[in-house]
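Note that the structure is predicted; figures quoted are calculated from it, not measured.
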Amino acid sequence: MSFRAARPSPLYIGGDRWDSEKRRTGIPENAVDNTPIDAIIRDASRLECLNSFDLGYTMENEGGILGDNRFNSNYNSLYNCTAEITTPMSRLLGPRPVLHSRMQNRGYAPAGDIFETYVDDEMEVDDKDDASAPVVPTWDKTRPFLTGQHLWLDQEKDKKEARGLEKISEHSPSMQESIIIDDLLYGFMGLGGQYLRFEFEENSLGKREVSCCLSVELDPSLQAKVERVLSVCEDVVVLQRFVETRISFDTGMVCHAVAAGIRQVLDDWMLMVTQLEGLLNTGRLTMQSLWYYIQAPMLVMQTLAGIARRAASERLQGSGLLNLIYKTLGEYAGDRSAQVLLQKLLVAGCVPYFEILERWLCEGVLADPYHEFMISENADVSKTSTTERLESRYWHERYTVYSGDNPELGVPLFLMEHQEIILKTGKYLNAIRECDIHVQRPLDEDEHVTYDSSGGYVVLIHKAHKESSRAFLKLFMQDLRLIPWLRGIKHFFLHDRGDVLGHLMDIADEEFRKTPSQISHTRLQSLLELAVRTSSVPSHTNSEPLGFDFNPLSLVEMAKGVFSNRNLGTTSFRSSMRKSISDDDGGRLNHRSADVTGFDVFTMSYRVDWPLTLIAPVRQMLRYQLLFKHLFSLKRVERELGKAWHVLQMSKRIFHRNVDGVLQRTCLLCHDFMHTFQMYIRFLTVEILEPEWITLEAEVAKAKDVDKVMETHKQFVSRVLRHSLLRKMKVVALLDQLERDALKFSALVIESIKIEDFIEEQPQRRGDSIARRRRQRESENQAIADAVSSTEFQLGIREMESAFTEKVEELLVQMRAVYEASANNKEDDSDSSGYTREDLDRLLNLIERLNLKG
């Protein structure tokens, strides 16, 4: 007996058998039909496409988005398919509202650019693709029936044709049902039928929205059944247009992959429509059986259409599209079937994204032609580029993680916690490549980074990071010999080998006392190299990059410039900070200031090559130069005070009378000057530099990656500058004034008491009498007496005594203020490390040692 012959009279509705079957199979209570349920179930067991959608939606078999096993169906799998769907069905029933309200009731976002026209009235191509993308053939966009644009381009024509149609309401309900089911199958394929058409209206954003509606009136009962399945026609059109608009090159590979996954779903849907047509042709398809068959597939289409609409309205690509699917997956936490479907779609979309990720993690190459990846590259930044803060711009700006207002548009949610590790891993390998060194793959050949719900990719990400950081660190520690290189910096800039500076001051004293414009570049460079070779610096220390600069800034001005981020990157400051010696005018400096000497402007320079610039960028080298200038000026003062002390000691040996106590006061002032500077030098070198250096070497030796080495070295320089009080401008200014006073004092003593004129020992001769030697001694005493009793000398000593006492007291006040502020945690220095209890004790000890009054 045929399916139609088995149907009762159209007047028969309900019945106990029908009600029990509705309760048993989960068919909605308000669904009505004239067909016995056993006939529907019997035909459902023959409908192979339904099992295809069941497997696709529950994902119980491997294969495509909907699986490949389409030929092993039974009633239980169909029943499970409909029973497992937990999405409320109420929004699919009842009368159909107008377009905008219907979209809101279904929870859909606007359709976005899905229904934009690619051609104008003259059918000219509207070029929307990226100029860098491959050229797409013109016909790919200019054929309306190929792209689905005919649905709205021929909308007016369809309305005119619809007016000429016969009134279907004149037929019997059974005939109306057959006719309208045939039209519905066309609608299920995204095509308009005779009585079923798609209408397009503009929403509030000026974008087209699709609405599927009937152009005729049907029997009220039949019309209610038809209207509740019209939404799936709209979903099909949306998905078809989403696929069509997302296969262009400029949308990116993630969109291509997601569109390909949705296309597989549409292929399975078309197979189901084909098989439903077979049932219709044999007279075994009614509206109630049609509704029964498409319930689960309709929810699949509805879910995917919601994703497509939102992706189009927000123009999501790459990470944004993956995050949309990922969040939708979380929203269906209670629906395992929907979760498996979305999981499969997410895996498909992640395939191209994780291919980019794997190349970045394993090769350090950013193969992202459509800018979809979480990491972006600034190709304009070179290895020698520096930021405004004079740090390595290559390391901080060449490769960066997406930093927009909405991170979810740039970084997948499931990779959000690992974005820094991913960035560092690729940067390490990329830096190795920049050194012209072959990059070893950090993962095994059979290990590939792919997305899975269990998070197995996280293990591979951490493994790649561990291996790449180890390889990059090995490059520094073994190939570049980082620790010996840092020790060379310590030898030359931090006076670790003090004899280098001593030799240089001795053999280059004549050059240093000239004005900068009179100093020979070639001679001074030769003397510097000679001082290094004759010092105790180890022979394996690389001194080739060592040179010198002339910096006209005072210590205070230089410190202000180094610590002022506002001025650090300016051209004028950098030019004055790094004013190198030129070869103009026969190798002499073109510096015509007569007020300064080579001692005042001399500073060390050291050429740092890639990749060591990552450890010691320009910013850190300028700070090393500041420390050198500070130590160099202190050593110079100590040297000049030593000469003055030697003169005074020789004068005391020769001169036995006290001229108004002036000589005694002069010796005492010289002693106070020497004590002050020696205590400060001891504090700076023995108590600050050496302990901090030991800590630096220990931290570098146990570092796990280069970023840790960079941060450790940066913190070392910051701590040294802070603890040496160079960040306190008042302290630096007072020390600078004390240095100038000490130099004036030394010059006054040496120039006033010209001991070299009479301290030379005369050779003892047998003929020399005691009287002659007595007369010589008296002449020497008179010369010293005349020198120390002069008004100019005595006035200078008194002024210097008063100035020294005043400035030392002020220096102690400032140091105590630093101590108290640090002890109470009131300091606010963002670019430095805080004081420890040990640091405060050192500072307090220095204050006590400098307090000459006790």
Side-chain angles (χ1 to χ4, degrees), residues 391 476-477 481-498 500-501 537-538 541 555 558-559 562-563 603-604 606 608 612 614-617 619-635 677-704 706-728 731-732 735 815 818-819 821-823 825 827 829-847 849-850:
E391 294 179 341
F476 276 90
M477 302 301 290
R481 302 177 69 247
L482 177 62
I483 292 182
W485 182 85
L486 288 174
R487 288 173 182 167
I489 296 290
K490 181 186 178 186
H491 297 333
F492 301 133
F493 284 89
L494 305 183
H495 299 191
D496 175 53
R497 304 290 179 171
V500 175
L501 209 55
V537 174
T541 303
L555 182 66
M558 187 174 179
V562 167
F563 297 123
T603 183
M604 287 282 192
Y606 199 82
V608 183
L612 290 171
L614 300 179
I615 307 297
R619 178 185 178 87
Q620 304 302 332
M621 295 309 297
L622 289 178
R623 296 187 171 202
Y624 274 122
Q625 286 187 332
L626 175 62
L627 284 168
F628 174 85
K629 190 178 184 69
H630 188 36
L631 288 168
F632 183 76
S633 60
L634 290 172
K635 288 290 185 180
F677 285 102
Q678 285 176 348
M679 288 299 100
Y680 185 77
I681 292 173
R682 181 180 183 277
F683 166 76
L684 189 59
T685 55
V686 178
E687 299 181 15
I688 299 298
L689 289 176
E690 197 59 32
E692 292 292 348
W693 187 266
I694 294 173
T695 303
L696 170 66
E697 285 198 8
E699 292 293 328
V700 169
K702 67 180 183 181
K704 299 298 183 182
V706 175
D707 280 285
K708 178 62 176 178
V709 175
M710 294 165 58
E711 183 63 24
T712 299
H713 180 255
K714 180 180 178 180
Q715 291 299 325
F716 161 76
V717 178
S718 296
R719 286 196 302 268
V720 168
L721 291 173
R722 178 187 178 93
H723 298 161
S724 62
L725 305 178
L726 282 175
R727 297 185 65 87
K728 307 302 178 182
V731 175
V732 175
L735 285 172
M815 287 184 174
V818 174
Y819 174 83
S822 302
N825 296 323
E827 292 207 320
D829 288 334
S830 59
D831 189 22
S832 57
S833 302
Y835 282 94
T836 63
R837 183 70 257 174
E838 186 179 359
D839 298 328
L840 292 173
D841 290 342
R842 292 170 185 166
L843 180 58
L844 185 60
N845 290 336
L846 175 64
I847 294 172
R849 291 196 299 268
L850 294 182

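The ring-ring contact (aromatic ring centres under 6.0 Å, His included) check on H713 picks up Y624, with sequence neighbours excluded. Partners of F716 according to the ring-ring contact (aromatic ring centres under 6.0 Å, His included) rule, which considers only residues two or more places apart in sequence or in another chain, are W693. Qualifying side-chain contact (heavy atoms from CB on, under 4.5 Å) partners for K708, counting only residues two or more places apart in sequence or in other chains: E699, A703, D705, T712. Not a single side chain to side chain donor-acceptor pair (under 3.5 Å) links T685 to another residue, sequence neighbours left out. Y819 meets the ring-ring contact (aromatic ring centres under 6.0 Å, His included) test with no other residue; sequence neighbours excluded. When the side chain to side chain donor-acceptor pair (under 3.5 Å) test is applied to E687, the partners found at least two apart in sequence or on another chain are R682, R849.
Classification of the F632-F628 ring pair by plane angle, with boundaries at 30° and 60°, yields parallel.
The CD1 atom of I688 lies 12.5 Å from the CG atom of L494; values are rounded to the nearest 0.5 Å. Atom CG of L735 is separated from atom NZ of K728 by 14.0 Å, given to the nearest 0.5 angstrom. Taken to the nearest 0.5 Å, the CE atom of M558 stands 5.0 Å off from the CG atom of L626. The structure places OH of Y606 at 6.0 Å from CZ of F492, a figure rounded to the nearest 0.5 Å. Separating the CE atom in M679 from the CG atom in L846 is a distance of 9.0 Å, to the nearest 0.5 Å. Distance check, rounded to the nearest 0.5 Å: CD of E838 to CG of D841 gives 7.5 Å.
Side chains of L482 and L612 form a contact here, defined as non-hydrogen atoms less than 4.5 Å apart. Using a 4.5 Å heavy-atom cutoff, the side chains of L684 and H630 are in contact. By the 4.5 Å heavy-atom criterion applied to side chains, I615 and V608 are not counted as neighbours. Residues S718 and R623 have side chains in contact (heavy-atom distance under 4.5 Å, counting atoms from C-beta outward). Between E711 and Q715, some side-chain heavy-atom pair lies under the 4.5 Å cut-off.
Scanning both residues, Y680 and S724, for their nearest heavy atoms gives OH-O, 2.7 Å. Across M815 and L725, no two heavy atoms sit closer than the pair CE-CD1, 3.8 Å.
For the side chain to side chain contact (heavy atoms under 4.5 Å, CB included) criterion with F476, the lone passing option out of L614, I483, V700 is L614. Of the candidates L689, L501, I681, L627, H495 forms a side chain to side chain contact (heavy atoms under 4.5 Å, CB included) with just one, namely L501.
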Practice task
Show the numbers, then the answer: is there a side-chain contact (heavy atoms from CB on, under 4.5 Å) between D839 and R842?
Solution key: CA-CA 5 Å; D839 298 328; R842 292 170 185 166; 3.3 Å; yes
Practice task
Just do the side-chain contact (heavy atoms from CB on, under 4.5 Å) check on M621 and Q625 with the steps written out, would you?
Solution key: CA-CA 6 Å; M621 295 309 297; Q625 286 187 332; 5.7 Å; no
